[in-house]
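I have placed the structure first, in the form of C-alpha coordinates, so that the comments after it can refer back to it.
Since the structure is predicted, the reported quantities are computational estimates derived from the model, not experimental observations. These values consider heavy atoms only, across backbone and side chains, with no hydrogens, waters or symmetry-generated copies. Just so it is clear: chains get the letters A, B, ... in the order the sequence lines come, proteins before strands, and each one is counted from 1.
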Number of protein chains: 2
Amino acid sequence: MNTPVEASPTALPPSEHDHQKCVSTALGTAEHLCVVRGVQLTPIRHQVLELIWESHKAVKAYELLDRIKPLQSAAKPATIYRALDFLIEQGLIHRVESLNAFVGCSSSGHQHEQLLLICKHCHEVEERPATAVMQALSQEFDQAGFIVHSKAIEIHGICVKCVALGDD
Amino acid sequence: MNTPVEASPTALPPSEHDHQKCVSTALGTAEHLCVVRGVQLTPIRHQVLELIWESHKAVKAYELLDRIKPLQSAAKPATIYRALDFLIEQGLIHRVESLNAFVGCSSSGHQHEQLLLICKHCHEVEERPATAVMQALSQEFDQAGFIVHSKAIEIHGICVKCVALGDD
DNA sequence: GAGTTGACGTTATAATATAACACCCGATTT
DNA sequence: AAATCGGGTGTTATATTATAACGTCAACTC
(Lines give C-alpha, C1' and ligand atoms only; values in the text may rest on other atoms or scores of the structure.)
Protein backbone atom coordinates (compact mmCIF):
# COMPACT_ATOMS: atom_id res chain seq x y z
CA MET A 1 0.00 0.00 0.00
CA ASN A 2 2.94 2.28 -0.44
CA THR A 3 4.49 1.12 -3.68
CA PRO A 4 7.00 3.92 -4.34
CA VAL A 5 8.97 3.20 -1.16
CA GLU A 6 12.08 2.06 -2.97
CA ALA A 7 12.06 5.10 -5.20
CA SER A 8 12.72 7.54 -2.34
CA PRO A 9 16.40 8.52 -2.27
CA THR A 10 16.54 9.09 1.49
CA ALA A 11 14.31 6.23 2.51
CA LEU A 12 16.91 3.51 2.46
CA PRO A 13 20.13 3.35 4.43
CA PRO A 14 23.25 3.32 2.30
CA SER A 15 24.07 -0.22 3.30
CA GLU A 16 22.94 -3.37 1.58
CA HIS A 17 20.47 -4.50 4.20
CA ASP A 18 17.05 -5.73 3.13
CA HIS A 19 14.94 -2.91 4.40
CA GLN A 20 11.69 -4.28 3.02
CA LYS A 21 12.17 -7.10 5.47
CA CYS A 22 12.56 -4.65 8.37
CA VAL A 23 9.33 -2.97 7.32
CA SER A 24 7.29 -6.11 6.81
CA THR A 25 8.49 -7.62 10.06
CA ALA A 26 7.71 -4.46 12.00
CA LEU A 27 4.26 -4.03 10.47
CA GLY A 28 3.46 -7.71 10.85
CA THR A 29 4.46 -7.69 14.49
CA ALA A 30 2.46 -4.54 15.10
CA GLU A 31 -0.66 -5.96 13.49
CA HIS A 32 -0.33 -9.14 15.47
CA LEU A 33 0.26 -7.41 18.81
CA CYS A 34 -2.70 -5.10 18.32
CA VAL A 35 -5.01 -8.02 17.58
CA VAL A 36 -3.76 -9.91 20.63
CA ARG A 37 -4.17 -6.86 22.82
CA GLY A 38 -7.58 -5.95 21.45
CA VAL A 39 -6.49 -2.48 20.39
CA GLN A 40 -7.05 -0.89 17.00
CA LEU A 41 -4.24 -0.36 14.55
CA THR A 42 -6.42 1.99 12.52
CA PRO A 43 -5.48 3.10 8.99
CA ILE A 44 -4.01 6.37 10.28
CA ARG A 45 -1.95 4.60 12.93
CA HIS A 46 -0.81 2.04 10.41
CA GLN A 47 0.19 4.73 7.93
CA VAL A 48 2.14 6.63 10.57
CA LEU A 49 3.94 3.46 11.57
CA GLU A 50 4.75 2.75 7.95
CA LEU A 51 6.07 6.27 7.44
CA ILE A 52 8.27 5.94 10.51
CA TRP A 53 9.62 2.68 9.18
CA GLU A 54 10.60 4.17 5.83
CA SER A 55 14.06 4.44 7.28
CA HIS A 56 16.04 3.81 10.42
CA LYS A 57 16.30 7.53 11.00
CA ALA A 58 14.36 9.30 13.72
CA VAL A 59 11.49 11.27 12.18
CA LYS A 60 9.97 14.52 13.41
CA ALA A 61 6.24 14.78 14.05
CA TYR A 62 5.72 17.58 11.55
CA GLU A 63 7.70 15.72 8.94
CA LEU A 64 5.28 12.83 9.41
CA LEU A 65 2.45 15.31 9.11
CA ASP A 66 3.75 16.56 5.77
CA ARG A 67 4.27 13.04 4.54
CA ILE A 68 0.86 11.75 5.57
CA LYS A 69 -1.05 14.62 3.95
CA PRO A 70 -1.16 13.03 0.49
CA LEU A 71 -2.85 10.05 2.13
CA GLN A 72 -4.89 11.90 4.76
CA SER A 73 -5.54 15.36 3.46
CA ALA A 74 -7.38 16.29 6.67
CA ALA A 75 -4.33 15.55 8.80
CA LYS A 76 -3.47 18.10 11.49
CA PRO A 77 -0.87 18.05 14.27
CA ALA A 78 -3.31 16.26 16.57
CA THR A 79 -3.74 13.52 13.97
CA ILE A 80 -0.04 12.72 14.15
CA TYR A 81 0.43 13.20 17.86
CA ARG A 82 -2.51 10.96 18.65
CA ALA A 83 -1.14 8.23 16.42
CA LEU A 84 2.32 8.65 17.96
CA ASP A 85 0.87 8.43 21.47
CA PHE A 86 -0.82 5.20 20.57
CA LEU A 87 2.27 3.69 18.96
CA ILE A 88 4.39 4.63 21.96
CA GLU A 89 1.86 3.22 24.42
CA GLN A 90 1.92 -0.03 22.50
CA GLY A 91 5.71 -0.07 22.44
CA LEU A 92 5.79 -0.02 18.64
CA ILE A 93 8.00 3.05 18.38
CA HIS A 94 10.53 4.90 20.51
CA ARG A 95 10.38 8.56 21.23
CA VAL A 96 13.95 9.86 20.93
CA GLU A 97 13.91 12.46 23.67
CA SER A 98 17.13 14.17 22.70
CA LEU A 99 15.87 14.76 19.15
CA ASN A 100 12.15 15.28 19.71
CA ALA A 101 11.70 12.59 17.11
CA PHE A 102 10.46 9.06 16.66
CA VAL A 103 11.89 5.80 15.42
CA GLY A 104 10.51 2.31 14.94
CA CYS A 105 11.08 -0.27 17.65
CA SER A 106 12.45 -3.57 16.42
CA SER A 107 11.69 -5.44 19.59
CA SER A 108 8.05 -4.62 20.19
CA GLY A 109 6.46 -7.10 22.51
CA HIS A 110 9.66 -8.03 24.32
CA GLN A 111 12.13 -5.73 26.03
CA HIS A 112 11.09 -2.41 24.64
CA GLU A 113 13.59 -0.35 26.61
CA GLN A 114 16.87 -0.33 24.83
CA LEU A 115 20.03 1.58 24.32
CA LEU A 116 19.72 3.92 21.34
CA LEU A 117 22.85 4.68 19.34
CA ILE A 118 22.20 7.80 17.29
CA CYS A 119 24.58 8.60 14.45
CA LYS A 120 25.28 12.28 13.91
CA HIS A 121 26.42 11.60 10.39
CA CYS A 122 23.84 9.33 8.78
CA HIS A 123 21.19 10.02 11.46
CA GLU A 124 20.26 6.39 11.77
CA VAL A 125 19.29 5.05 15.19
CA GLU A 126 20.42 1.62 16.25
CA GLU A 127 18.67 -0.18 19.08
CA ARG A 128 20.68 -2.46 21.30
CA PRO A 129 19.37 -4.57 24.18
CA ALA A 130 22.68 -4.00 26.01
CA THR A 131 21.92 -6.51 28.72
CA ALA A 132 25.12 -5.86 30.67
CA VAL A 133 24.25 -2.17 30.79
CA MET A 134 20.70 -2.89 31.88
CA GLN A 135 21.95 -5.18 34.63
CA ALA A 136 24.38 -2.55 35.89
CA LEU A 137 21.53 -0.05 35.81
CA SER A 138 19.30 -2.31 37.88
CA GLN A 139 22.00 -2.59 40.51
CA GLU A 140 22.36 1.17 40.50
CA PHE A 141 18.62 1.63 41.06
CA ASP A 142 18.67 -0.88 43.90
CA GLN A 143 21.54 0.96 45.54
CA ALA A 144 19.78 4.28 45.12
CA GLY A 145 16.43 2.89 46.28
CA PHE A 146 14.90 4.27 43.10
CA ILE A 147 11.75 2.71 41.60
CA VAL A 148 12.01 2.88 37.82
CA HIS A 149 9.07 3.72 35.59
CA SER A 150 10.88 4.37 32.33
CA LYS A 151 14.35 4.75 30.88
CA ALA A 152 15.79 6.89 28.10
CA ILE A 153 19.33 5.91 27.21
CA GLU A 154 20.43 7.87 24.17
CA ILE A 155 23.97 7.99 22.89
CA HIS A 156 25.07 10.41 20.19
CA GLY A 157 28.12 9.79 18.06
CA ILE A 158 29.26 8.14 14.86
CA CYS A 159 28.05 4.70 13.90
CA VAL A 160 30.26 1.91 12.68
CA LYS A 161 29.27 2.36 9.04
CA CYS A 162 30.13 6.06 9.03
CA VAL A 163 33.35 5.45 10.96
CA ALA A 164 34.34 3.01 8.22
CA LEU A 165 33.72 5.76 5.68
CA GLY A 166 35.96 8.08 7.66
CA ASP A 167 33.11 10.44 8.51
CA ASP A 168 33.71 11.61 12.01
CA MET B 1 23.38 37.83 46.78
CA ASN B 2 19.99 36.19 46.81
CA THR B 3 18.96 36.52 50.41
CA PRO B 4 15.33 35.38 50.25
CA VAL B 5 16.28 31.92 48.98
CA GLU B 6 15.22 30.11 52.13
CA ALA B 7 11.87 31.86 52.12
CA SER B 8 10.73 30.22 48.90
CA PRO B 9 8.40 27.31 49.67
CA THR B 10 9.37 25.27 46.63
CA ALA B 11 13.05 26.11 46.57
CA LEU B 12 14.23 23.59 49.11
CA PRO B 13 13.85 19.84 49.02
CA PRO B 14 11.74 18.45 51.81
CA SER B 15 14.73 16.74 53.36
CA GLU B 16 17.09 18.21 55.88
CA HIS B 17 20.08 18.65 53.59
CA ASP B 18 22.05 21.88 53.71
CA HIS B 19 21.09 23.35 50.40
CA GLN B 20 23.01 26.57 50.90
CA LYS B 21 26.10 24.42 50.81
CA CYS B 22 25.04 22.88 47.48
CA VAL B 23 24.56 26.36 46.08
CA SER B 24 27.79 27.86 47.35
CA THR B 25 29.80 24.86 46.22
CA ALA B 26 28.27 24.93 42.78
CA LEU B 27 28.73 28.67 42.30
CA GLY B 28 32.25 28.57 43.71
CA THR B 29 33.23 25.75 41.39
CA ALA B 30 31.67 27.53 38.44
CA GLU B 31 33.50 30.77 39.16
CA HIS B 32 36.75 28.93 39.55
CA LEU B 33 36.38 26.89 36.38
CA CYS B 34 35.49 29.93 34.31
CA VAL B 35 38.55 31.80 35.53
CA VAL B 36 40.77 28.82 34.80
CA ARG B 37 39.29 28.41 31.36
CA GLY B 38 39.39 32.10 30.53
CA VAL B 39 35.67 32.31 29.84
CA GLN B 40 33.28 34.85 31.25
CA LEU B 41 30.75 33.98 33.91
CA THR B 42 28.90 37.24 33.30
CA PRO B 43 26.23 38.56 35.68
CA ILE B 44 23.45 37.14 33.54
CA ARG B 45 25.08 33.72 33.33
CA HIS B 46 25.75 33.78 37.07
CA GLN B 47 22.15 34.71 37.83
CA VAL B 48 20.81 31.95 35.60
CA LEU B 49 23.08 29.44 37.29
CA GLU B 50 21.92 30.65 40.70
CA LEU B 51 18.29 30.37 39.68
CA ILE B 52 18.85 26.83 38.45
CA TRP B 53 20.48 25.95 41.73
CA GLU B 54 17.57 27.20 43.81
CA SER B 55 16.48 23.60 43.93
CA HIS B 56 17.41 20.16 42.70
CA LYS B 57 14.46 20.19 40.36
CA ALA B 58 14.85 20.55 36.63
CA VAL B 59 13.78 24.05 35.56
CA LYS B 60 12.19 25.11 32.28
CA ALA B 61 13.76 27.87 30.20
CA TYR B 62 10.68 30.08 30.29
CA GLU B 63 10.39 29.61 34.03
CA LEU B 64 13.95 30.92 34.32
CA LEU B 65 12.94 33.79 32.07
CA ASP B 66 10.09 34.73 34.39
CA ARG B 67 12.28 34.45 37.41
CA ILE B 68 15.15 36.51 36.02
CA LYS B 69 12.94 39.39 34.91
CA PRO B 70 12.95 41.13 38.30
CA LEU B 71 16.73 41.18 38.03
CA GLN B 72 17.07 41.71 34.28
CA SER B 73 13.98 43.49 33.08
CA ALA B 74 15.22 43.36 29.47
CA ALA B 75 15.41 39.57 29.49
CA LYS B 76 14.00 37.78 26.46
CA PRO B 77 14.07 34.13 25.44
CA ALA B 78 17.43 34.59 23.76
CA THR B 79 18.85 35.95 27.01
CA ILE B 80 18.06 32.70 28.76
CA TYR B 81 18.92 30.34 25.94
CA ARG B 82 22.28 31.99 25.42
CA ALA B 83 23.11 31.69 29.09
CA LEU B 84 21.94 28.07 29.10
CA ASP B 85 24.07 27.29 26.04
CA PHE B 86 27.09 28.70 27.81
CA LEU B 87 26.44 26.81 31.04
CA ILE B 88 25.96 23.56 29.15
CA GLU B 89 29.12 24.09 27.08
CA GLN B 90 31.03 24.62 30.30
CA GLY B 91 29.50 21.51 31.86
CA LEU B 92 27.94 23.53 34.67
CA ILE B 93 24.42 22.32 34.08
CA HIS B 94 22.69 19.35 32.47
CA ARG B 95 20.01 19.61 29.88
CA VAL B 96 17.37 17.03 30.81
CA GLU B 97 16.31 15.95 27.35
CA SER B 98 13.21 14.08 28.40
CA LEU B 99 11.84 17.14 30.22
CA ASN B 100 13.15 19.98 28.05
CA ALA B 101 14.54 21.38 31.26
CA PHE B 102 17.79 22.12 33.04
CA VAL B 103 19.41 21.13 36.29
CA GLY B 104 22.68 22.01 38.01
CA CYS B 105 25.62 19.68 37.64
CA SER B 106 27.31 18.73 40.89
CA SER B 107 30.40 17.36 39.26
CA SER B 108 31.43 20.15 36.91
CA GLY B 109 35.02 19.82 35.91
CA HIS B 110 35.22 16.07 36.33
CA GLN B 111 32.99 13.44 34.81
CA HIS B 112 30.13 15.54 33.62
CA GLU B 113 28.18 12.72 32.03
CA GLN B 114 26.14 10.98 34.61
CA LEU B 115 23.06 8.94 35.19
CA LEU B 116 20.09 11.17 36.00
CA LEU B 117 17.39 9.80 38.29
CA ILE B 118 14.28 11.91 37.85
CA CYS B 119 11.55 11.62 40.46
CA LYS B 120 8.01 11.88 39.13
CA HIS B 121 6.74 12.77 42.55
CA CYS B 122 9.04 15.46 43.97
CA HIS B 123 10.60 16.29 40.58
CA GLU B 124 14.11 16.33 41.96
CA VAL B 125 16.93 15.07 39.77
CA GLU B 126 19.71 13.04 41.29
CA GLU B 127 23.01 12.67 39.49
CA ARG B 128 24.94 9.46 39.88
CA PRO B 129 28.34 8.66 38.38
CA ALA B 130 27.23 5.01 38.02
CA THR B 131 30.68 3.79 37.09
CA ALA B 132 29.59 0.19 36.55
CA VAL B 133 26.96 1.38 34.10
CA MET B 134 29.44 3.60 32.30
CA GLN B 135 31.89 0.73 32.00
CA ALA B 136 29.24 -1.57 30.60
CA LEU B 137 28.29 1.18 28.18
CA SER B 138 31.88 1.55 27.00
CA GLN B 139 32.04 -2.14 26.26
CA GLU B 140 28.80 -1.89 24.37
CA PHE B 141 30.16 0.94 22.23
CA ASP B 142 33.33 -1.01 21.52
CA GLN B 143 31.28 -4.00 20.43
CA ALA B 144 29.12 -1.82 18.24
CA GLY B 145 32.09 0.09 16.82
CA PHE B 146 30.33 3.30 17.81
CA ILE B 147 32.30 6.49 18.55
CA VAL B 148 30.57 8.36 21.37
CA HIS B 149 30.19 12.13 21.40
CA SER B 150 27.65 12.51 24.18
CA LYS B 151 25.33 10.50 26.39
CA ALA B 152 21.89 11.15 27.83
CA ILE B 153 20.90 8.58 30.41
CA GLU B 154 17.66 9.61 32.02
CA ILE B 155 15.60 7.42 34.29
CA HIS B 156 12.11 8.35 35.41
CA GLY B 157 10.53 6.91 38.52
CA ILE B 158 10.18 7.48 42.25
CA CYS B 159 13.15 8.49 44.36
CA VAL B 160 14.06 6.90 47.65
CA LYS B 161 12.68 9.78 49.73
CA CYS B 162 9.27 9.63 48.02
CA VAL B 163 9.22 5.83 48.19
CA ALA B 164 9.76 6.14 51.95
CA LEU B 165 6.76 8.46 52.10
CA GLY B 166 4.69 5.90 50.24
CA ASP B 167 4.27 8.14 47.22
CA ASP B 168 4.39 5.90 44.21
C1' DG C 1 41.69 54.57 15.39
C1' DA C 2 40.17 50.74 12.35
C1' DG C 3 39.10 46.13 12.80
C1' DT C 4 37.79 42.12 15.50
C1' DT C 5 35.50 39.61 18.97
C1' DG C 6 32.26 38.38 22.46
C1' DA C 7 28.18 39.49 24.95
C1' DC C 8 23.87 41.28 24.92
C1' DG C 9 19.40 43.82 23.14
C1' DT C 10 15.59 43.37 20.16
C1' DT C 11 12.23 41.76 16.88
C1' DA C 12 10.34 38.26 14.59
C1' DT C 13 9.29 33.71 13.68
C1' DA C 14 10.03 28.66 13.59
C1' DA C 15 9.25 24.23 15.61
C1' DT C 16 7.07 21.32 18.87
C1' DA C 17 2.97 20.01 21.39
C1' DT C 18 -1.61 20.16 23.66
C1' DA C 19 -6.45 21.67 24.92
C1' DA C 20 -11.05 21.73 23.99
C1' DC C 21 -15.00 20.62 21.77
C1' DA C 22 -17.72 18.58 17.95
C1' DC C 23 -18.91 14.66 15.24
C1' DC C 24 -19.25 9.97 13.66
C1' DC C 25 -19.78 5.22 14.06
C1' DG C 26 -20.19 0.75 15.86
C1' DA C 27 -21.46 -1.86 20.01
C1' DT C 28 -24.46 -2.42 23.90
C1' DT C 29 -28.46 -1.60 26.35
C1' DT C 30 -33.34 -0.69 26.81
C1' DA D 1 -35.75 1.10 17.04
C1' DA D 2 -34.18 4.60 20.43
C1' DA D 3 -30.87 5.64 23.79
C1' DT D 4 -26.37 5.65 25.31
C1' DC D 5 -21.56 4.96 25.45
C1' DG D 6 -16.74 4.82 24.07
C1' DG D 7 -13.07 5.17 20.87
C1' DG D 8 -11.33 7.44 17.08
C1' DT D 9 -11.12 11.35 14.38
C1' DG D 10 -12.01 16.38 12.63
C1' DT D 11 -11.23 21.06 13.67
C1' DT D 12 -9.85 25.36 15.72
C1' DA D 13 -7.13 27.59 18.66
C1' DT D 14 -3.35 28.20 21.51
C1' DA D 15 0.55 26.96 24.57
C1' DT D 16 5.32 25.83 24.91
C1' DT D 17 9.97 25.51 23.40
C1' DA D 18 13.63 27.33 20.60
C1' DT D 19 16.21 29.88 17.03
C1' DA D 20 17.33 33.36 13.32
C1' DA D 21 18.80 37.64 12.13
C1' DC D 22 20.50 41.93 12.83
C1' DG D 23 21.98 45.92 15.67
C1' DT D 24 24.74 47.91 19.53
C1' DC D 25 28.33 48.31 22.68
C1' DA D 26 32.60 47.66 25.07
C1' DA D 27 37.10 45.55 25.31
C1' DC D 28 40.99 44.17 23.07
C1' DT D 29 44.35 44.10 19.14
C1' DC D 30 46.99 45.61 15.50
Residues at least two apart in sequence or cross-chain that pass side chain to side chain contact (heavy atoms under 4.5 Å, CB included) with B/Asp18, listed by chain then number, are B/Gln20, B/Lys21
The side chain to side chain donor-acceptor pair (under 3.5 Å) partners of A/Glu126 (sequence neighbours excluded) come to A/Arg128
Note: with side-chain heavy atoms under 4.5 Å as the link, the other cluster members for A/Val103 come out as A/Val96, A/Leu99, A/Leu116, A/Ile118, A/Val125
- What does B/Arg45 touch in the nucleic acid at a heavy-atom separation under 4.0 angstrom: a base, only the sugar-phosphate, or nothing? sugar-phosphate
The remaining residues in the hydrophobic cluster of B/Phe141, counting side-chain heavy-atom contacts under 4.5 Å among Ile, Leu, Val, Met, Phe, Trp and Tyr, are A/Leu115, A/Leu117, A/Val133, A/Met134, A/Leu137, A/Phe141, A/Phe146, A/Val148, A/Ile153, A/Ile155, B/Leu115, B/Leu117, B/Val133, B/Met134, B/Leu137, B/Phe146, B/Val148, B/Ile153, B/Ile155
For A/Glu97, the salt bridge (Lys or Arg N to Asp or Glu O under 4.0 Å) test, sequence neighbours excluded, returns A/Arg95
**Prompt:** Base, sugar-phosphate, or nothing: which does B/Ala78 touch, judged by heavy atoms less than 4.0 Å apart?
**Reply:** base
Salt bridge (Lys or Arg N to Asp or Glu O under 4.0 Å) filter on B/Glu63, not counting sequence neighbours, yields B/Arg67
Expected list for residues 32-41 of chain B: side-chain donor-acceptor pairs under 3.5 angstrom, two or more places apart:
unit_1, atom_1, unit_2, atom_2, d
B/Arg37, NH1, B/Gln90, O, 2.8
B/Arg37, NH1, B/Gln90, OE1, 3.0

Contacts of A/Phe86 and A/Lys76 projected onto DNA chain D by closest heavy atom; the upstream (5') one is A/Phe86
Note: contacts of residues 87-104 of chain A with DNA chain C (heavy atom, under 4.0 Å) are A/Arg95, A/Asn100
Chain A reaches DNA chain D, atoms under 4.0 Å from its heavy atoms, from D/dG7 to D/dT12
So the salt bridge (charged side-chain N to carboxylate O under 4.0 Å, His left out) pairs with at least one residue in residues 113-123 of chain B (sequence neighbours excluded) are B/Glu113-B/Lys151
Under a 4.0 Å heavy-atom criterion, DNA chain C is touched by chain B from C/dG6 to C/dT11
Hits for side chain to side chain donor-acceptor pair (under 3.5 Å) against A/Thr131, two or more places apart or cross-chain, chain-then-number order -> none
Open item on the list: Would you say B/His46 and B/Glu31 are linked by a side-chain donor-acceptor pair, where the criterion is simply a distance under 3.5 Å?
Closed with: yes
